Structure formats: structure tokens, C-alpha cells
Enquirer: 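Encoded as C-alpha cells, here's the structure I'll be asking about.
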Amino acid sequence: MFIPNLLSAESGSESIVRARIVIVEDEPDLRDAVAEYLGASGYDVATAESAAEARTLLETQSFHLAILDIAMPGEDGLSFGRWLRSKMPIGIIYATAAGTALDRIVGLELGADDYIVKPYELREVLARVRSVLRRVPQPTEPPQGAKADTGAGRRFMTFGSFQADLDGRLVTGVNGAVIDMAKSEFDVLEVFLTRANRLLTRAAISEAIGFVEDPESSRAVDIRIMRLRKKIEADPANPKFLRTVRGEGYIFSLPTGDGH
């Protein structure tokens, strides 16, 4: 099923109108209700009842965001999300049953940008969709792997051999090689780069990336930082940039001379 845009979710916001979402959910009533609500809120929405059907859709269509049910017959949402993330830069929201905290943690470890707990309200889904899409590169931005625009007004920061294009949401390393980074990982990196050499508590980081501070969001922050270290630290166990301050939080050490 494909539902075209009916109206703009935010008046005058062309990027929101263009956003394309795929919903992969095996419960037909829930799937159709979410699709109809998001379609009426200004998004192009496609649906699939299984990972196999979604793979067929992706042969001819591209999407900015996927809402994936974790517990589906056949290939589960976590497996499909891992495959999806390996194929394209896309925002991922997992839907999980109440009480399955392990699924949420595993989803975050696999690069999810957010999750929603069933049963959920449609307004909550819309709020989380908008939040994730604000962090997903839009079609007007350089595709992953492309050379970043160096035009005036763009914000660039360097740290060690890395350069971060904060507007293009792109990180490059030695010889301009693009660092494969999930949207959620870049969100955390941007928080640190724009607040370098300052101690940040987990609560402050959670607030900056739109999480409500609780034990699960603290765990989610730690997971993102662990993944970041694997990508930007020569020795993740002894980080040069992203250091832990025991009992306090984290600090991103940016030597004098690095930065804009």
C-alpha cells in the first residue's frame, strides 16, 4: 500500500513533504492506522507486512525512514534493520512490545535512531518520526560517500585526522575516506564537538539528543559512545578524544588548534 502526501506536516517545509517512510508491521489494523495518520500528516508512506515484502519495495523505492516491528513472522525486525542499515543511510525506529527492554537495547546497538513501545499513541509515533527525520540527511544534502560542499556558511570541525561536516552530517578520515556512521552516532558526536572540552553528564547528552533521562536512555547514550569510539579512536579502550570521567560523565578532548 502506498499513501501519497495529503498536506504538509509543517507549513512551508518542503523537506518534510518529500520525506518517505516505510512501515513494516505484520498487524494489518495497526499498520494501516499508522500509515493513514502519517500520510495525513504530510509524508509519503509505503507499507509491508513482512521483511520479505519490504525488500521487494526497496528494489524500486528509496526511503528516509523505516518503522520496523521487531517481532514479525519470518525475518524479524532486528535482522531486517541490520540489513537495511548496511544498504543505505536511513533513519530506523523499532516498535517493540512493552517489557522487552532487551530488544530495545539490541536495537540501539544495531544502529536504531529511536524506538516506540506497543501499545502506542499515533501522536507519539508522529513526534518520534519528526524527531528522527530532523536528523536524517535530506535529498538536497550530499549523499553518503560524496565529497562535502565547502561553500561559505557550512560548519566544519576537525579532530585529529578527522573532519566533521556538521551541516552535511558527514565525517571523513584519512585521505577523505567517509566514516560509516549511523544518524544516532552522528547526533552524539555533534553534541560533543559543539561542546568540546566540557564535562557532559549522561543527562545533558540525553537532553541534547532528545531523550528523556532514565536508566534506559543512559544505557542508550553509553551504547552510542561505545560505537563512536570504535570508529574515531585508534585504541577504543584508551580513548584520545572521547574520555570517561568516572562517576560524572564524558568529555570530548579537542586539542588547541583543532575545531572550525
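Here the structure is a predicted model, which means the values were calculated and not measured. Residues: numbered from 1 along the sequence shown.
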Enquirer: Between Lys183 and Asp113, is there a side-chain N and carboxylate O pair less than 4.0 Å apart?
Expert: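 Judged by the 4.0 Å cut-off on N to carboxylate O distance, Lys183 and Asp113 do not form a salt bridge.
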Enquirer: Group every Ile, Leu, Val, Met, Phe, Trp and Tyr by side-chain heavy-atom contacts under 4.5 Å, then state whether Val221 and Leu199 land in the same group.
Expert: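 No; tracing contacts between hydrophobic side chains, which count when under 4.5 Å, never links both residues.
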Enquirer: Would a distance-only check, ignoring hydrogens and angles, find a side-chain to backbone donor-acceptor pair under 3.5 Å from Glu233 to Leu242?
Expert: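 Looks like yes, one N/O pair under 3.5 Å.
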Enquirer: Would you mind telling me which of Val125, Val132, Thr47, Val24 makes a side-chain contact (heavy atoms from CB on, under 4.5 Å) with Ile67?
Expert: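 Looking at Val125, Val132, Thr47, Val24, the match for Ile67 under the side-chain contact (heavy atoms from CB on, under 4.5 Å) is Val125.
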Enquirer: Determine whether a donor-acceptor pair (N or O, by modelled atom type, separation under 3.5 Å) exists between the side chain of Glu25 and the backbone of Glu27.
Expert: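 Between the backbone of Glu27 and the side chain of Glu25 there is a qualifying donor-acceptor contact (under 3.5 Å).
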Enquirer: Quick check for you: to the nearest 0.5 Å, what is the distance between Asp32 atom CG and Ile23 atom CD1?
Expert: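 Answer for the CG-CD1 pair, Asp32 versus Ile23, is 9.0 Å.
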Enquirer: Might you work through the side chain to side chain contact (heavy atoms under 4.5 Å, CB included) test for Arg128 and Tyr120, ending with a clear yes or no?
Expert: CA-CA 11 Å; Arg128 292 182 181 275; Tyr120 48 75; over 6 Å; no
Enquirer: Report the C-alpha separation of Tyr115 and Val117 in whole Å, then their side-chain angles, then the decisive distance to 0.1 Å, and conclude whether the side chain to side chain contact (heavy atoms under 4.5 Å, CB included) test is met.
Expert: CA-CA 7 Å; Tyr115 60 84; Val117 180; 4.2 Å; yes
Enquirer: Any idea which heavy atoms bring Val171 and Phe186 closest together, and the distance?
Expert: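 In this case the closest contact between Val171 and Phe186 is CG2-CE1, 3.6 Å.
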Enquirer: Is any side-chain heavy atom of Leu170 less than 4.5 Å from a side-chain heavy atom of Val178?
Expert: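 They are in side-chain contact.
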Enquirer: State, yes or no, whether a side-chain contact exists between Arg20 and Ser62 at a heavy-atom distance under 4.5 Å.
Expert: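 In short, these two side chains touch, coming nearer than 4.5 Å.
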Enquirer: How long is the straight-line distance from CG of Asp222 back to OH of Tyr250, given to the nearest 0.5 Å?
Expert: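 If we round to the nearest 0.5 Å, Tyr250:OH and Asp222:CG are 3.5 Å apart.
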Enquirer: Do you know the tightest heavy-atom contact between Phe80 and Ala54?
Expert: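 Closest approach of Phe80 to Ala54: CZ-CB, 3.6 Å.
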Enquirer: Kindly write out the residues that satisfy ring-ring contact (aromatic ring centres under 6.0 Å, His included) with Phe252, not counting sequence neighbours, or none if the list is empty.
Expert: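 Partners of Phe252 under the ring-ring contact (aromatic ring centres under 6.0 Å, His included) test: Phe159, Phe241.
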Enquirer: First locate atom CD of Glu185, then atom CD of Glu190, and finally report the distance between them rounded to the nearest 0.5 Å.
Expert: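 Between Glu185 CD and Glu190 CD, I get 14.0 Å after rounding to 0.5 Å.
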Enquirer: Atom CG of Leu228 and atom CD1 of Ile223: how far apart are they, to the nearest 0.5 Å?
Expert: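 These two atoms lie 12.5 Å from each other.
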Enquirer: What are the two closest heavy atoms between Asp26 and Ala71, and how far apart are they?
Expert: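 Scanning both residues, the minimum pair turns out to be OD1-O, 3.9 Å.
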Enquirer: Can a donor-acceptor pair be found between the side chains of Arg130 and Ser41 at a distance below 3.5 Å?
Expert: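 Not at all, the side chains of Arg130 and Ser41 share no donor-acceptor pair under 3.5 Å.
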Enquirer: Walk me through whether Thr244 and Arg229 qualify under side chain to side chain contact (heavy atoms under 4.5 Å, CB included).
Expert: CA-CA 11 Å; Thr244 300; Arg229 281 176 172 157; 2.8 Å; yes
Enquirer: Looking at Asp69 and Ala95, what are the two nearest heavy atoms and their distance?
Expert: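 Smallest interatomic distance, heavy atoms only, reads OD1-O, 3.5 Å.
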Enquirer: Less than 4.0 Å between a side-chain N and a carboxylate O, is that true for Arg169 and Asp187?
Expert: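 Yes.
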Enquirer: Atom CG in Leu65, atom CD1 in Ile93: separation rounded to 0.5 Å?
Expert: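 Going from CG on Leu65 over to CD1 on Ile93, the span is 4.5 Å.
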Enquirer: Has the side chain of Lys231 got a donor or acceptor atom that lies under 3.5 Å from a matching backbone atom of Asp180?
Expert: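 Yes, Lys231 side chain to Asp180 backbone: donor-acceptor pair under 3.5 Å.
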Enquirer: Can you get from Ile251 to Ile205 by hopping between Ile, Leu, Val, Met, Phe, Trp and Tyr side chains that sit under 4.5 Å apart?
Expert: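 Different hydrophobic clusters.
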Enquirer: Tell me if a side-chain donor or acceptor on Asn175 pairs with a main-chain N or O of Ala177 at a distance below 3.5 Å.
Expert: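 No: the side chain of Asn175 does not pair with the backbone of Ala177.
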Enquirer: Please round to the nearest 0.5 Å and tell me the distance separating atom CG of Leu200 and atom CD1 of Ile225.
Expert: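 It is 9.0 Å, given to the nearest 0.5 Å.
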Enquirer: Minimum heavy-atom separation for Ala164 and Leu193, please, with both atom names.
Expert: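 It is CB-CD1, 3.6 Å.
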Enquirer: Please check if the side chain of Asn197 supplies one atom and the backbone of Leu254 the other of a donor-acceptor pair under 3.5 Å.
Expert: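 Pair found, side chain donor or acceptor close to backbone of Leu254.
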Enquirer: Under the rule for side chain to side chain contact (heavy atoms under 4.5 Å, CB included), what residues qualify as partners of Glu49, not counting sequence neighbours?
Expert: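 Once residues adjacent in sequence are excluded, the partners of Glu49 under the side chain to side chain contact (heavy atoms under 4.5 Å, CB included) criterion are Arg31, Glu53.
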Enquirer: So if I apply the side-chain contact (heavy atoms from CB on, under 4.5 Å) rule between Lys118 and each of Ile70, Leu30, Thr96, which one comes out positive?
Expert: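 The single option meeting the side-chain contact (heavy atoms from CB on, under 4.5 Å) with Lys118 is Leu30.
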Enquirer: What are the two closest non-hydrogen atoms of Phe63 and Val22, and how far apart are they?
Expert: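 Residues Phe63 and Val22, closest heavy atoms: CD2-N, 3.7 Å.
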